Each structure stands twice: as C-alpha cells, then as structure tokens.
Amino acid sequence: MVTFTVFKGHESGKVKKSTISKPDELEGDQVRLRVTASGLCGTDLHYKTKDMALGHEGVGIVEAVGPKCTRLSVGQRVGWGYEHDCCGHCQPCLRGSETYCPERAMYGYADLDQGSFASHAIWREAFLFEIPEGLSDEDAAPLQCGGATVFNALRAYNAQPTETVGVMGVGGLGHLAIEFAAKMGCRVVVLSGTESKKDEAMKLGASEFVATNGKKELKVSRPLDRLLVTTSAQPDWEQIMPIMAPGACIHPLSIAEGNFEIPYMPLLLNGLTVQGSVVAPRHIHKDMLEFAALHQIKPVVETFPMTEEGVAEAIEKLENGNVHFRAVLIPQ
C-alpha cells in the first residue's frame, strides 16, 4: 500500500489534514502522480463542510503507470480537472460531450477520498492532460477548471473572431475569459460594478470597459453578440438586455443558488439564447491548454503553501473576496 496526504473538508468548515492508503499496484490505465500545484476554485468552498478530499484543479508529475497506459510515462507533467471518468458508450460520450454522461464521475460526487489538495493522486490516464512546455505548474493549475470553463463557453458554442463578447465580472473566471476571448480575436467589452479594475482589464485584452453600478442605461460601442457571466450574483437583466444584439447568446458560468430569471419578452423578441454549460470535455480541454501555451495566456495568481494553515488562509481570502483573481496551493 502507498499512503497519501490529503486535505479534507470538515463539518466545522476548517480543512483537516488526513491520510489515505491506496494499493501500490496500479490497474488498467491508472496513473499515480505527485501533486505539484493545485488551484483553489470557488466550487471548493461549497464542499469545505463535507467529509471529502478537496481540490479539482490539479497539476502533477507522473510517478507510475498502470499496465494499460499507452500515452503517459514516468516524469511527464499532467493536469486534471472536474471530471474523472465516464461510461464511454452513451450518446454524450460518443459525440465528445462526456461532461454530460449520465454516469460521469465528477468532483464532489465521486472519488471523494482524493483531490488536488494532496501530496499524490491516482486517476485514469484517459482523464489526464499533458501540460505544454509553455505553461508553468502554477499557471496551468487554475486552467484545469477556471480556464476550461470559460474556454468551453467560447469554443464549444462557436464564438467567432468577428464577435463582440461581453465579460461580466473581473475575477477568477472573468480575467481568464477576457484573455481567451481577446486572443481569439474578439472585441471584448468588460462589464464591472466600478472603475476599480478598468486598467487591469484593459491590460488583459479588453477593448472597452463599462462600469454598471448606479446606471439605469448602459452604453456600449457595439451590441454584445455573446455575454459570459462570471459573477456569483445574477446581473440586473433589465439593465443588460438593451445592449444584447439580436440572436446573442448568454452564458451563465458561475455557481449561484435559486432560479435563473430573465425578462421574457426581450428574450423572445430578440431571439436570444441562454446556454448552460459546465467544464470542457476532453478534446476542448486539450485545445484550451495548447491555445493558452501558444498565446501565453496565464492566470493572475497568488500562491499559498499546501498546509492546513495555507489552505485555511487561501479559503478565507477567497471567501472575503480578497484573492487577486486565483489562489494556487504549492506543496512544501
């Protein structure tokens, strides 16, 4: 048996260091890896009171491979994200949309004994992604969920370089959405409450910045063909609908409780689409990493030690809105 360190949620909300044991001999296409970086995602906050290993934005070094592994070898850098497995034969799997497989194994629902807040992990080779040379471990980690989420909204739903893309919110998801959309050639209009993040948004690739607080009417140079909503709270849709182009698509990307409510007649009369999506399926995830490396798209990160104290500090800062875009945990 081999023993791993993992950091688990607890009913108190305080993350606890724990250990798990796994068979030393790997089966099938299992890969054992040593974790070298882990992103902290807003979704992790939803599970901090659960008795489960936390983290789903992992990067690590392959230490051993199972007998059916054909692609990876010892020493390679790999990453993994929200999905760990699928059935492989249902319609969503066969058409490359395995994130909607009825038997999907997802963070928070399966493999609860291990995560990316850990010393090691064992995952299927089929759900591990090679990290391109142009990305460091700490840059690659937040891309495994945050980057995959925003890139999928653009790539899977056919964003075109001629589009004007709105990004609502300049945070952990939003700053990556600005970078990806800009590098795809889109005109990027950022919507944020105040002017405080304008300079940084423009440096990340925004073409235009609109502060929304206290305004009854928003003015943009061109109507939005697509809007990526990355804020935790729903927008004021009465304020947003007039700046959407006919046929535009709205992507709610962050996690929020309650119902999604939007003005009915503007949706109908302008032929708008509201498109739900989760993280990227594997072929798009792979494209995302290669695109990020090619165009040097990197998250803005703060690093913390992967210790009980370090995890607690990172979680507290994220909960209080004090993390500068993305937190990354580094093993000591």
Side-chain angles (χ1 to χ4, degrees), residues 42 82 92 95-100 143 145-192 201 204-210 212 217-256 258-281 283-285 287-288 291-292 295 297:
Y82 214 83
R95 63 174 178 252
S97 300
E98 68 274 4
T99 48
Y100 301 112
L143 298 179
C145 178
T149 297
V150 298
F151 187 84
N152 187 60
L154 297 165
R155 178 79 167 78
Y157 302 105
N158 302 313
Q160 300 298 309
T162 52
E163 288 185 357
T164 297
V165 174
V167 175
M168 173 159 279
V170 188
L173 286 178
H175 88 286
L176 288 168
I178 295 168
E179 291 190 84
F180 277 115
K183 290 298 185 181
M184 288 180 175
C186 302
R187 180 180 182 82
V188 181
V189 177
V190 172
L191 307 173
S192 187
L204 289 167
S207 305
E208 192 173 337
F209 188 97
V210 179
T212 61
E217 183 180 355
L218 302 181
K219 295 189 180 298
V220 293
S221 60
R222 301 180 189 178
L224 308 182
D225 300 301
R226 192 176 302 269
L227 175 64
L228 277 59
V229 180
T230 70
T231 53
S232 55
Q234 287 195 42
D236 177 356
W237 291 111
E238 297 287 354
Q239 187 186 48
I240 297 298
M241 298 303 265
I243 64 171
M244 301 303 298
C249 189
I250 295 168
H251 301 269
L253 297 179
S254 52
I255 302 298
N259 294 328
F260 184 88
E261 297 182 3
I262 198 164
Y264 181 71
M265 289 307 293
L267 180 79
L268 199 69
L269 295 175
N270 291 296
L272 304 183
T273 298
V274 177
Q275 178 63 61
S277 69
V278 290
V279 292
H283 70 286
I284 292 180
H285 192 122
D287 286 349
M288 178 272 299
F291 188 90
H295 294 284
I297 293 172

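Please read these numbers as outputs of a predicted model, since none were measured by experiment.
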Identified side chain to side chain contact (heavy atoms under 4.5 Å, CB included) partner of Leu191 from the options Val167, Val170, Leu224
Leu224

Would you check if Asp287 and Phe151 make a side-chain contact, meaning some heavy-atom pair closer than 4.5 Å?
yes

Mind checking whether Asp225 and Gln160 have side chains closer than 4.5 Å, heavy atoms only?
no

Rounded to the nearest 0.5 Å, how far apart are CG of Leu272 and CD1 of Ile240?
12.0 Å

Side-chain contact test, heavy atoms from C-beta onward, threshold under 4.5 Å: evaluate it for Leu176 versus Thr230 and give yes or no.
no

Mind checking the OG1-CG spacing from Thr149 to Leu154? Nearest 0.5 Å is all I need.
11.5 Å

I need the minimum non-hydrogen distance between Val220 and Glu208, along with the two atoms involved.
CA-OE2, 3.3 Å

Could you measure the distance from the CZ atom of Arg226 to the CD atom of Gln275? Nearest 0.5 Å is fine.
9.0 Å

For Pro281 and Ser97, the nearest pair of non-hydrogen atoms, with its separation, is CB-CA, 4.4 Å

Would you name the heavy atoms of Val274 and Pro252 that are closest together and state the gap between them?
CG1-CG, 4.0 Å

Distance-minimising heavy-atom pair for Ala153 and Leu253
CB-CD2, 4.0 Å

Return yes if some donor-acceptor pair links the side-chain N/O of His295 with the main-chain N/O of Ala292 below 3.5 Å, else return no.
no

With rounding to the nearest 0.5 Å, note down the distance linking SG in Cys145 to NE2 in His285.
9.0 Å

So do the side chains of Ile250 and Trp237 get within less than 4.5 Å of each other, counting heavy atoms only?
yes

Going by heavy atoms in the side chains, are Ile262 and Met241 under 4.5 Å from each other?
yes

Which heavy atom of Asn152 sits nearest a heavy atom of Ser277, and at what distance?
ND2-CB, 4.0 Å

Using a 4.5 Å cut-off on heavy atoms from C-beta on, say whether the side chain of Tyr82 contacts that of Val278.
no

Spacing of Met184 atom CE and Phe291 atom CZ [to the nearest 0.5 Å]
5.0 Å

Inter-residue atom distance Ile297.CD1 - Ile178.CD1, 0.5 Å rounding
12.0 Å

Taking the side chain as every heavy atom from C-beta outward, state whether Leu143 and Met288 have any atom pair closer than 4.5 Å.
yes

Do you know which two heavy atoms are closest between Ile284 and Ala156, and how far apart they sit?
CD1-CB, 3.7 Å

A side-chain contact here means heavy atoms from C-beta on lying under 4.5 Å apart; do Arg187 and Ser221 qualify?
yes

